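Okay, so here's the structure we're looking at.
Everything numeric in this text was worked out from a predicted model, so none of it was measured. Sequence lines set the chain letters: A, B, ... in the order given, protein chains first and strands last, and positions in each chain run from 1.
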Amino acid sequence: MVLRELGRYADLFTGYTELRVQENRTTAVAVVNGDVIGNHRQTVTGVSARAYSGGLWGFASNPDASHDGIRTVVKSATENARFLSGRENRNSGPLPSKPGRVERDFSTGKPRLSRKDIIGFVRSVDRMITAGFSGVASRTVSLQCLDMEKSLITSDGSSSFTMIPRTILYVSLTTDSGGEPVELRDVFGGLGQFEDVFEKPEDLAERLEQLREHLMRKAEGIHPETGERDCILDADLAGILAHEAIGHTTEADIVRGGSVAGDFLGKQVASPLITLVDFANEARGQTCPVPVFMDDEGILAEDAVIIENGVLKRFLHNRESALHFNATPRGNARAFNFDDEPIIRMRNTAILPGTGRLDEMIGSIDEGYYLMKPSNGQADSTSEFMFGVVQGYEIKNGRLGRAIRDTTISGVAFDMLRTVTDVSDDMKWSCAGMCGKKQPIPVGMGGPALKCRISMGGR
Amino acid sequence: MKTGREIGKHSLDAMRKAGLEKCECRVRFTRKDELNVDGGRFSLLRSTDDVNLFLSGIVDGKRGTLSINGTDADSIDEAAGTVMEMACSSETDSANDISPKQPPRSLEKGPDSPNLNLMYSRMQDFIDYSGTNHPSLILEQLILDFTNTRTFYMNSNGVDLASRTGRYTFFPMFTSKEGTDTSSFNYTGVSSLNLEENLHELGNLRSLMKQSTEQVRSRQFNGKFIGDVIITPDCLEDFLSIICMYLSDYHLIKGTSIFKDSLGEPVASRLLTLHSMPLSDELASGYHITSDGFAAENSTIIGKGVLNSFLLSLYGANKTGHTRSLNNGGALVIEPGDSSLAELIGSVEKGVLLCRFSGGMPSESGDFSGVAKNSYTIEKGKIGFPAREIMISGNIRDMLMNISGVSKERVNSGGWLLPWIVAGGLSVFGK
């Protein structure tokens with residue numbers, strides 16, 4: 001439990017300063033082929049301060065969040081800022097400010113389960129696979145729980161206390177296809193502590209059976225044809241496209257580093273069917289997978305519309321980049337651990353639904369692919385992207401055909417999004433995203449299905 | 001409690017008192033001083049102190065593990081009780097164990113504190129070098145840190161190991177831009193014990209920066225062929241990480257590793273000898289203590305194409321019946337070949353110089369595909385043009401067997417020492 005009231009330390013600040021006390025608590029259980037090979041808990045707690053002097057930042061952190069520890073990190077952060085500003089002072093002007101007060105706690109109100117109960121749940125899921133599924137040669141069931149609890153004050157008057165938990169269960173099944181292992185996985189869970197996310201193992205039965213069916217079809221599947229093809233990207237792939245290929249190029253630090261998006265503000269960069277939003281905490285009346293109410297610079301969080309009807313509308317900012325671009329910060333400065341400084345991050349990035357129907361979109365393709373689940377994804381400053389695809393089907397004459405084996409899709413996102421000719425009327429969130437950019441950070445990614453042309457990698 | 005040994009001793013006593021039969025602990029103190037440049041200008045000086053206390057205990061063959069970063073007596077006593085509760089909640093597994101009695105060992109490498117003024121001036125020199133020699137190159141982010149780590153490992157079998165390492169690490173990330181033409185970003189990571197050299201002289205950085213400015217004018221690659229790919233040392237390290245993943249606990253315990261039946265068998269061309277050398281004096285990085293509580297030793301993973309060793313922990317070894325690895329992998333070194341890089345390039349009729357690979361996670365069967373980034377075509381023995389939207393696919397196992405050349409020249413990043421290699425039979429295709 002972190003210290004909630006930090007206001008009494010504000011008199012230590014000599015210029016613009018942030019003070020944060022944070023505790024990240026993780027629980028991990030891994031069961032491989034019935035054996036508990038991982039049974040771990042971790043608590044990382046401490047205090048950090050970041051001070052601004054002459055246009056430069058100093059940061060310091062310490063696991064000792066006592067009165068003396070807090071005084072020490074504020075002093076060290078201030079000295080670090082002065083080390084730099086003493087060498088090159090900049091007259092950068094005051095940072096934008098949007099102070100407020102936030103208290104949001106997503107802790108469960110239910111009695112906490114014991115460790116034995118939680119391991120028992122994971123093992124029950126594993127037993128459901130062994131008892132009910134034939135043809136599975138190997139299986140992994142692993143649970144990852146993360147509670148992020150933090151208190152923050154800033155010298156311009158913001159304060160917050162938040163506890164944002166996430167509980168994710170990964171299931172991976174492998175079958176044997178002619179001596180060659182073929183794998184498929186699915187992800188369950190999302191926002192909340194274990195007790196609020198999972199009730200009974202049996203609740204997962206239907207999706208586990210679907211996973212097994214897809215795996216068996218994949219084992220008999222084909223390697224897709226290489227080259228550019230008509231494709232339907234299902235929601236999980238649309239979400240990773242929104243995050244990796246577009247979202248990153250519009251982060252203002254990446255823009256300042258040469259991102260191609262820097263030349264596109266106000267221009268048509270995608271089909272008019274595409275609207276892409278980085279949601280702060282609520283989307284379409286529902287709490288987002290990773291709700292952010294105030295960022296780690298003390299900015300009250302708001303949604304950021306990145307692309308509206310195909311036109312690039314804005315970049316994502318922290319206070320400093322907002323000052324540089326004369327823009328408004330919307331709460332995108334986030335830090336993962338207590339000893340991480342806030343940097344520009346996405347929160348819940350999604351392409352908004354359109355009016356199409358998935359079955360009709362598939363029916364409109366004579367020859368192509370329906371791509372359902374990604375593995376990993378990467379993109380760069382040119383918006384050229386690559387995503388691994390682990391689940392998909394060929395489309396022949398408007399109907400789904402054989403499953404495909406693992407492949408890769410690639411393209412230039414700002415080109416590819418111009419090829420979008422239909423967007424489905426539904427939308428799904430992927431809740432297990434962990435974005436890497438100096439630090440890891442949980443993110444939400446979402447979208448509808450998109451009909452587009454995309455380059456497929458084969459064997 | 002001030003010292004790692006005092007914390008370790010208290011932790012072992014607390015776990016024994018809690019009822020654990022076998023127990024181990026690792027205490028790690030880390031101090032990092034980090035200079036950041038964003039958009040070509042100094043932005044941040046960051047100093048972090050942390051301590052990580054890892055506790056692991058076994059009772060009735062059941063294990064629980066826990067990490068905290070508080071080291072006061074109350075926190076440790078509570079943590080020891082939690083480890084006991086976690087172990088009791090788990091399942092018996094005869095593979096759970098701790099390392100046996102070994103001679104005490106205490107090793108050090110590198111300085112124990114940074115020279116902040118030198119860090120600042122090296123960073124400023126790098127900014128100046130880039131601006132003078134590569135005006136179109138944008139320094140998106142530079143991170144230069146000095147990290148001092150003190151590690152203590154102790155267990156109930158009487159093992160007592162200590163280590164201290166201190167080194168500078170530099171992570172530059174850059175893109176080149178002329179007008180609206182933009183290169184792909186590129187990056188690397190290099191380490192040094194003393195910052196005696198200018199930062200742009202470390203690893204292959206000078207070459208990567210020059211290439212970045214050329215890649216502003218990249219061209220679309222069209223066509224498809226099966227041919228040779230010359231993999232640069234920076235890119236090779238990514239492929240080696242994947243190979244090491246298949247040799248490690250998870251894939252071998254699961255029984256799905258493509259190398260599970262290959263110990264002692266040829267898995268690569270005879271031209272390839274791959275070591276893991278955490279104790280190498282040639283490398284600035286490395287480590288002295290393994291995660292499973294042994295004094296680390298250097299090892300040969302692949303010797304003249306033959307798989308000599310998996311990368312199994314004590315648990316992984318007990319679980320699979322194979323021999324425990326002498327280290328945790330990493331610090332990878334490949335023996336140099338007989339040909340110069342120029343000769344290797346000259347030998348390729350049609351191929352690609354692969355400088356960075358953005359690939360999907362390979363399948364369990366070793367199939368991979370992805371996009372060649374910051375890369376060049378090779379035509380008739382000569383480097384062609386910087387190309388974009390090239391996809392490359394193949395199979396990890398086939399790729400290793402089809403290595404047809406290893407360069408004499410190697411790049412030392414401080415974290416690895418690797419040559420250029422030629423891998424044949426890979427599919428290359430554009431739009």
task = Check whether any side-chain heavy atom of B:Ile143 sits under 4.5 Å from a side-chain heavy atom of A:Lys438, and report yes or no.
result = yes
query = With only heavy atoms counted, which part of A:Asp340 is less than 4.5 Å from chain B, the side chain, the backbone, both or neither?
reply = both
request  = Go through A:Arg256, A:Glu88, A:Arg50 and name the one with the most non-hydrogen pairs under 4.5 angstrom from chain B.
outcome  = A:Glu88
query = Are any of the side-chain heavy atoms of B:Lys177 and A:Asp263 separated by less than 4.5 Å?
reply = yes
request  = Tell me, out of A:Ile254, A:Asp253, A:Val260, who's got the most heavy-atom pairs with chain B below 4.5 Å.
outcome  = A:Ile254
Non-hydrogen atoms of A:Leu84 and B:Ser43 that approach each other most closely = CD1-C, 4.1 Å
request  = Apply the test salt bridge (Lys or Arg N to Asp or Glu O under 4.0 Å) to residues B:Lys373 and A:Asp380: give CA-CA distance (whole Å), side-chain angles for both, the deciding distance (0.1 Å), then the verdict.
outcome  = CA-CA 9 Å; B:Lys373 315 288 286 191; A:Asp380 80 20; 3.0 Å; yes
query = Any idea which heavy atoms bring B:Ser358 and A:Gln378 closest together, and the distance?
reply = OG-OE1, 2.6 Å
inquiry  = Taking side chain as everything from C-beta outward and backbone as N, CA, C, O, which of these in A:Phe387 sits under 4.5 Å from a heavy atom of chain B? Side chain, backbone, both or neither.
reply    = neither
request  = Would you mind reporting whether B:Ser184 and A:Glu384 have side-chain heavy atoms less than 4.5 Å apart?
outcome  = yes
query = Atom CG in A:Asp64, atom CG in B:Asp49: separation rounded to 0.5 Å?
reply = 10.5 Å
ask   = What part of B:Asn96 is in contact with chain A, defined as an atom under 4.5 angstrom from a non-hydrogen atom: side chain, backbone, both or neither?
value = neither
ask   = Quick one: are A:Thr174 and B:Lys254 in side-chain contact, heavy atoms under 4.5 Å?
value = yes
task = Given side chain to side chain contact (heavy atoms under 4.5 Å, CB included), test B:Phe357 with A:Met386 step by step and report yes or no.
result = CA-CA 10 Å; B:Phe357 186 66; A:Met386 177 292 310; over 6 Å; no
key: Side chain to side chain, A:Arg87 and B:Asn117, heavy atoms closer than 4.5 Å   = yes
query = Going through the checks in order, is the salt bridge (Lys or Arg N to Asp or Glu O under 4.0 Å) test met by A:Glu341 and B:Arg46?
reply = CA-CA 8 Å; A:Glu341 78 279 21; B:Arg46 171 173 171 252; 3.4 Å; yes
query = What are the two closest non-hydrogen atoms of A:Thr382 and B:Thr182, and how far apart are they?
reply = CG2-O, 3.7 Å
request  = Hey, could you give me the CD1/CG distance between B:Ile253 and A:Asp35, rounded to the nearest 0.5 Å?
outcome  = 8.5 Å
task = Write down the atom of B:Ser90, the atom of A:Val36, and the distance for their closest heavy-atom approach.
result = OG-CG1, 3.5 Å
